[in-house]
A.B. asks: 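To start, I am sharing the structure in question, which I have written as structure tokens.
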Amino acid sequence: MTHTQREINENRKFLQVLARQYPTVQAASTEIINLQAILNLPKGTEHFMSDLHGEYEAFEHILNNASGVIREKVDALFSNTMTTQERAVLSTLIYYPQAKLDEIKRTVSDLDEWYRITLNRLIELCRLVASKYTRSKVRKALPEEFEYIIDEMLHNRYDEYNRGGYYQNILTTIIEIDRADAFIEALCSAIKRLVVDTLHIVGDIFDRGPRADIIMDALIRHHSVDIQWGNHDILWMGAAAGSRTCIANVLNNSITYNNLQVIETGYGISLRPLATFAAETYAGSDVSCFTPKLFGEGDYKPKDIDLVARMHKAVAILLFKLEGQIIRRNPSFQMEDRLLLDKIDYEAGTVQIDGRSYPLRDWDFPTVRREDPYTLSPEEAELMDQLAAAFCHSEKLQRHVRFLYANGGLYKRFNGNLLFHGCIPMNADGSFTCFDCGETLSGRAYMDYVEAMARQGYYARHGSPQRQYGKDFLWFLWCGRNSPLFGRDRITTFERLLVADESTWIERKNPYYQYSAEEESCLKILQEFGLTGEHSHIINGHVPVRSKDGENPVKAGGRLIVIDGGFCRAYQPQTGIAGYTLVYNSYGIRIISHEPFESRQAAIQGNKDILSSSTVFETVSDRLKVADSDIGRDLHERIEGLRMLLSAYRTGLLKEKQGL
């Protein structure tokens, strides 16, 4: 394609910058050829996960097996040469190379022979999963220590004339110098990296399960990951920003679900000040309403449960006070009905909710002043200052939250799909809800505003009004009326703890959850975000799909896919499964449902994979190529710029720079 002199002059500054990287006709031509070839490679595989909720062992296993994709590759390659059990052992080795090697070395009689066979198989498998990428990209994905050797073996077949001895001699040498274990680990790492091009986490890494911090460490190590924030993630982000209200919520959730390990062990935050305060302040109080939920074996011994319940009561009262302060500070949040401490009749033991009186299960609150119920006592204020300092000075928590900000956002448009955790707030008539944000915003504009406020809460100058409002907004996103991450009209923590009448516990879902089941509404939402393709979908988390009741994760004529299927053990009795994941490769989209994961130890010792069933949701008539993806569109633009640069060189409007 020839470009006119006018086009070149209009883009001269851009071309001058591009010419620094490609200073000659040859350099620009070579890059065009390279990029044009990349466009014709198969589209990379995307892996979607959601609502992990701290279940790090199940997460790590599904990350390692790529929702069954690795086992599929093993079966496809070796079904005629290996037994089912042998393929299971090889797959487990890929998932957990170090631990599995330790076990195998205790049972194999001829270790050198096992090394030779296994290395050959791993190289074959690595060659298969690398075949859809350029050699340059594969080389960058290889562990640095063995990059050259693996590259040689991937691109030189052992059965080629004059190369067989070369190939086998490399393997023999690796075994002889005791580097076989390290080489196996490197190959397994390369296979896992190459089998998935991009990982999407559609929200809720934190809370309920034991160790969200371990999940975060794994995500930081991942080569290509994006995160759509969930309401539980945003709560921890607010806590890391120093929001005392978010901190109180984090503690309330962690105690409720018997999960203080992530705070104390994971993030090194001492809860001794809270324990001391609770033991002294609530020594004579009834704490029966505040006993933590126990899911099997936990960290609490029977003698500790009473103290934890007192800590829970102390945190809950702090939470109600601090939330009241935010609600009063921000009338635009429209949450005045959540101000309940001032609605308590202590003589009658009742509380007014929506104009009705309900009996309380507990109203012994020694730190609550009836005439000023939302002000912290001096001791409570000191405690919250200590806890805020601990959260703000946890190096690991701050590192994790900075990663969430750097690699995350409220929503993402990628390869025609719209990813977000909760909802796009809607009215009862199906229109987008308008919010007063200084100007009236709705739909995508409101989501962009929300993300900006979430960033402001962490990055604005300390002590500034902007940071205070941003921190308040982070709390609003956690539980605010029709927050896009919460998606309900109210949060009923007070009622669930203190009111026996379960009719007060109801949290009505935003109309989005009604309308998103209709194809017309989903198309409207996709169009709002600039997505109009016939293969565009909304990919959602947040609300568990009740598979055991026959609920389908695919809704709205295939336009909506909900992949929260119950990773969290606490949800599995409701859902009947242990989570959905999604795989989108060059052949189409598959939904995978997972059975509960027993344990990492069982997986290693018994070669027990997660039992999963895969459903092909959408296939394509022609295999998708890089050219069909967002990356392909970027490459097309780059190629166009390079072609214009070639025209500029060839017409003399720009000079080549030889000898650079």
Side-chain angles (χ1 to χ4, degrees), residues 44-78 86-104 118 121-122 125-126 128-130 141-143 181-201 205 209-225 227 563 565 567 578-585 590 592-614:
T45 298
E46 298 172 58
H47 190 194
F48 300 77
M49 303 170 74
S50 175
D51 295 85
L52 310 175
H53 284 300
E55 297 290 351
Y56 69 97
E57 283 199 338
F59 163 76
E60 286 188 331
H61 190 81
I62 291 176
L63 187 68
N64 283 337
N65 77 1
S67 286
V69 172
I70 286 178
R71 180 58 190 266
E72 288 177 1
K73 301 290 186 186
V74 170
D75 288 345
L77 200 57
F78 301 116
E86 287 173 332
R87 297 198 302 273
V89 171
L90 181 62
S91 298
T92 305
L93 176 67
I94 295 167
Y95 307 157
Y96 306 103
Q98 193 172 54
K100 193 63 183 175
L101 277 168
D102 290 342
E103 180 195 282
I104 288 171
T118 302
R121 287 170 173 168
L122 289 174
L125 185 60
C126 193
L128 173 66
V129 298
L142 300 177
D181 284 11
F183 194 59
I184 286 172
E185 289 181 37
L187 283 168
C188 292
S189 174
I191 289 166
K192 286 184 285 192
R193 175 162 179 173
L194 290 167
V195 81
V196 168
D197 200 40
T198 304
L199 174 65
H200 306 288
I201 304 296
I205 297 164
R211 293 295 298 274
D213 63 298
I214 294 176
I215 295 176
M216 287 300 305
D217 283 337
L219 294 177
I220 289 172
R221 292 192 299 269
H222 198 274
H223 61 279
S224 177
V225 62
I227 300 162
I563 59 171
F567 248 99
Y580 288 106
T581 55
L582 201 66
V583 172
Y584 180 22
N585 59 22
R590 287 184 298 157
I592 299 97
S593 60
H594 302 279
E595 296 300 316
F597 182 58
E598 185 177 343
S599 69
R600 184 178 188 272
Q601 185 177 9
I604 294 166
Q605 293 180 347
N607 306 303
K608 291 184 177 180
D609 217 332
I610 290 182
L611 294 175
S612 306
S613 59
S614 176

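From a predicted model like this one, the values you see are computed outputs, not experimental measurements.
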A.B. asks: If you take all heavy atoms of H47 and I62, which pair is closest and at what distance?
C.D. replies: CE1-O, 3.6 Å
A.B. asks: CD1 of I70 to CG of N64: how many Å apart, nearest 0.5 Å?
C.D. replies: 7.0 Å
A.B. asks: Can you tell me how far apart CG (L142) and SG (C126) are? Round to the nearest 0.5 Å.
C.D. replies: 6.5 Å
A.B. asks: Contact between I191 and K73 at the side-chain level, heavy atoms closer than 4.5 Å - yes or no?
C.D. replies: no
A.B. asks: Looking at every non-hydrogen atom in both residues, tell me the closest pair between V583 and A66 and how far apart they are.
C.D. replies: CG2-O, 4.3 Å
A.B. asks: Given side chains that start at C-beta, do those of H200 and L582 come closer than 4.5 Å, heavy atoms only?
C.D. replies: no
A.B. asks: Given 3.5 Å as the limit, does a donor-acceptor pair link the side chain of K192 with the main chain of I94, or not?
C.D. replies: yes
A.B. asks: Using side-chain heavy atoms (C-beta onward) and a distance below 4.5 Å, is N65 in contact with H61?
C.D. replies: yes
A.B. asks: I'd like to know if the side chain of H223 reaches the main chain of V196, judged simply by a donor and an acceptor atom lying under 3.5 Å from each other, with no hydrogens or angles considered.
C.D. replies: yes
A.B. asks: Please test T45 against V195 for side chain to side chain contact (heavy atoms under 4.5 Å, CB included), starting from the C-alpha separation and ending with a verdict.
C.D. replies: CA-CA 7 Å; T45 298; V195 81; over 6 Å; no
A.B. asks: In sequence, state the C-alpha distance, the side-chain angles, and the governing distance for L122 and C188, and then conclude on side chain to side chain contact (heavy atoms under 4.5 Å, CB included).
C.D. replies: CA-CA 7 Å; L122 289 174; C188 292; 4.2 Å; yes
A.B. asks: Taking the side chain as every heavy atom from C-beta outward, state whether R193 and V129 have any pair of such atoms under 4.5 Å apart.
C.D. replies: no
A.B. asks: So, taking the atom named CG in L52 and the one named CD in E60, what distance separates them when rounded to the nearest 0.5 Å?
C.D. replies: 11.0 Å
A.B. asks: Look at R221 together with D217 and state whether they make a salt bridge at an N to O cut-off of under 4.0 Å.
C.D. replies: no
A.B. asks: Which value, rounded to the nearest 0.5 Å, describes the distance between E55 atom CD and I205 atom CD1?
C.D. replies: 14.0 Å
A.B. asks: Taking C-beta and beyond as the side chain, do T118 and I104 meet within less than 4.5 Å on heavy atoms?
C.D. replies: no
A.B. asks: So do the side chains of L219 and L199 get within less than 4.5 Å of each other, counting heavy atoms only?
C.D. replies: yes
A.B. asks: For the CD1 atom of I201 and the NE2 atom of H222, what is their distance to the nearest 0.5 Å?
C.D. replies: 8.0 Å
A.B. asks: Within the distance-only criterion (no hydrogens, no angle test), does the side chain of S189 pair as donor or acceptor with the backbone N or O of E185 below 3.5 angstrom?
C.D. replies: no
A.B. asks: Heavy-atom distance under 4.5 Å between the side chains of R71 and Y95, does that happen here?
C.D. replies: yes
A.B. asks: Scan T581, V69, I563 and name whichever one has a side-chain contact (heavy atoms from CB on, under 4.5 Å) with I592.
C.D. replies: T581
A.B. asks: So how far is it from L101 CG to D181 CG, rounded to the nearest 0.5 Å?
C.D. replies: 4.5 Å
